[in-house]
Amino acid sequence: MTALSPTQTSWDRPRDRAAERLARSWSLAIAGTSYVSMNGLEVQDFLTALSSRLIHALTAETFDPDDVREVGSTLVATHFTEPTTLERTVAVLAEQFAKAPTRRVAEIQGALAAGYAQALRDRVLDEQEEIRTAALWARARAEESRRVSEARFRAIFAGAAIGMSVSTVDGQVIEVNQALCDMLGYSSDELRLMTFEDFVHPQDPPVAAGMFEELLAGGRDQFRIEKPYLHRDGHQVWTDLVASIIRDEDGEPKWLVAMFEDITERYLLQLRLRHQALHDPLTQLPNRTMFFDRLAELLAGAEEEADSRVGVCYLDVDGFKVINDTLGHDVGDQLLQTVARRLARSISGDGQLVARMGGDEFVVLIERSDGTDDVVAVAERALDTVRAPVHVGGHEISISASIGVVEQPLRGTSTGELMKAADTTLYWAKADGRNRLALFDAERHAREVTRYELSASMPVALERREFFVEYQPLVRLGDAVTIGVEALVRWRHPRFGVLGPDAFIGMAEETGLIVPLGRWVLHEACKQAALWHREHGAKAPLMSVNLAVRQMRDRTIVRDVKAILEQTGLAPDRLQLELTESAVMGSGGEPTEALNALAALGPRIAIDDFGTGYSNFAYLRHLPVHSLKLAGSFVAGLRPPEGADPVDQKIIAAVIGLAHALNLSVTAEGVETAEQADRLLALGCDTAQGWYYASSGPASAIKL
């Protein structure tokens, strides 16, 4: 059963009125198509009851085909048995249910047609069984009544509505009725000159020949199969064939009696319904159902073909929404039809399926790929196809597409994994600038999955107190005395272990979690600084804490800092707030109001990673800043053995000189060697931090 979306439709109105409306249209459509012993009002009342059941099936949360099949069988039971009745019934349902979900309507049409056909089949079988019983009874009659019995059988044989034939077991036709002659377009004399071989059709089911042989050999008494025959004028006639063996008095096979019901209309209806179920109505390309069916078949045979590979090209038309919104949905539909035709023409090789997934998304399945180059060639051909200008609705539209390309072995993958990889890769192509293809990279995908998992688990991690703070000393270069510490947040992840800020701070800023996380870090750091101050007095280090751009732009930042200082009892001048240059400056290139308000509270303000942003000393004169922290990339240029980079050395000297001219202290980050420390001291740098002095660690590791 298929789940139906609970979306409100016009069929959720009072069901009685809807059923009466459907019944009126239905009764008008099938009027005169079948002979029934009811007047017009009685027919409408009868169809109203059936309409209620169909509407219930349309709006039910889950689809029950048995109830709809029973509607079809009820029509046959009431003698609505003409094919025109079914044809017009299906057309009425398509018209009346036009606003309902297409898939549910197709399921209702299919189930009703199946119930209708099954009831007709059962009715024919009943007739066939009566004929067979009559034939056997005729042979059992006494000799004196044989002639009467044979006459009765011949009357039934000749007047039956279904085609019948009697053949010898060696394949020679000896008798046919008029219904079979009409069905196949031959005279009875022409049919009697034929043998079994003359009735073989290229589209016969593979099991048909074996079933005939088993029947003629006496291994079975009857079989039933749907089989095509060729009409004299060349068209196909599909039949429901029931073949039975007639034995002689000794039990040996003597004759073969075959009964043929013409099911051509039903067969063609089933083909149309199947086509509708597996093809997109707008573009006539295979739809997602057919695509996934084909992919499932490939995956099912993966174990038998160990080296088989598969390729998927997931294509999305760039900027299609803009076309729809500006030129209209009619132009958008014509554009999609044009793209579909082009893709179908340009990608039509053996084992390549082009399907529409929905909206402006298409997919190409490359069965048994020869490698990545093979799939990339298909994707590039698709890109070139889409890039050609399209003329629709009086407009010449230049479009492009983005394609995600996945190529991998069939064994070991699944439909979900393959399509997830294709969807992810399509997103990469879009993110990289569109009008291009992107190849699936398992390592990149794993990194992004890990990144997503970290991002999703951060709020819970904060609640579980998985974050903790470490401290790295800030050392005075003149005497190597620790005068401050920088608070650095860490994440003790239950799966990935201890993570540094580089692994999660960026995500925290993107999601906005940096605000509560930064508030927590500031509180922990100030609490520790206050404890040191109570224990060591003037020797207690200055506490330096980083503030992110998003924190500075949060309207509560000044209130939060003030509240934390009051809660922890830390003197404002014992706190240093480190901000990047982008956090310091507003959108208009002027200092933010928050910066001035923070400075008014009393903490020191330091510019972190100086030299990587604005790098303009002119604006520093107007900022309430106390210190600059040189970016580690400049300090790295002072490291031997290659020798100090003269350019970096001159830059550092210039920055220190200008900073001192503005009464700003300078801290160097990333000091890793004694040579770097000596050069910085010689250049006049005030303080430094880095592995040369100490890495970050718990508060207990700080030596005061």
Just by modelled atom types, is the [Y] backbone N or O under 3.5 Å from a matching donor or acceptor in the [X] side chain?
{"X": "Thr385", "Y": "Arg381", "value": "yes"}
{"X": "Arg104", "Y": "Ala57", "value": "yes"}
{"X": "Gln689", "Y": "Val671", "value": "no"}
{"X": "Thr482", "Y": "Gly484", "value": "no"}
{"X": "Gln551", "Y": "Ile557", "value": "no"}
{"X": "Arg550", "Y": "Glu510", "value": "yes"}

How would you list all residue pairs meeting salt bridge (charged side-chain N to carboxylate O under 4.0 Å, His left out) that involve residues 273-285, not counting sequence neighbours? Asp280-Arg356
Once salt bridge (charged side-chain N to carboxylate O under 4.0 Å, His left out) is applied, what residue pairs with a partner in residues 320-336 remain, sequence neighbours excluded?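 Salt bridge (charged side-chain N to carboxylate O under 4.0 Å, His left out) check on residues 320-336 returns Lys321-Asp325.
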List the residues meeting salt bridge (charged side-chain N to carboxylate O under 4.0 Å, His left out) with [X], not counting sequence neighbours, and say none if there are none.
{"X": "Arg490", "answer": "Glu470"}
{"X": "Arg309", "answer": "Glu407"}
{"X": "Asp384", "answer": "Arg387"}

Residues forming a ring pair (Phe, Tyr, Trp, His ring centres under 6.0 Å) with [X], sequence neighbours excluded:
{"X": "Phe291", "answer": "none"}
{"X": "His391", "answer": "none"}
{"X": "Phe496", "answer": "His493"}
{"X": "His395", "answer": "none"}

State which residues pass side-chain hydrogen bond (donor to acceptor under 3.5 Å, both in side chains) with Glu509; sequence neighbours excluded, sorted by chain then number.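 Scan of Glu509 (side-chain hydrogen bond (donor to acceptor under 3.5 Å, both in side chains), adjacent residues dropped) gives none.
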Just jot down the side-chain hydrogen bond (donor to acceptor under 3.5 Å, both in side chains) partners of Gln109, sequence neighbours excluded, or say none. none
[X] [atom1] to [Y] [atom2] distance, which is reported to the nearest 0.5 Å:
{"X": "Leu315", "Y": "Leu426", "atom1": "CG", "atom2": "CG", "value": "8.0 Å"}
{"X": "Asp316", "Y": "Asp318", "atom1": "CG", "atom2": "CG", "value": "6.5 Å"}
{"X": "Ser544", "Y": "Asp608", "atom1": "OG", "atom2": "CG", "value": "7.5 Å"}

Inter- and intrachain pairs under side-chain hydrogen bond (donor to acceptor under 3.5 Å, both in side chains), touching residues 416-429, at least two apart: Trp428-Glu448
Do the ring centers of Phe440 and Tyr314 come within less than 6.0 Å of each other?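 Ring centres of Tyr314 and Phe440 not closer than 6.0 Å.
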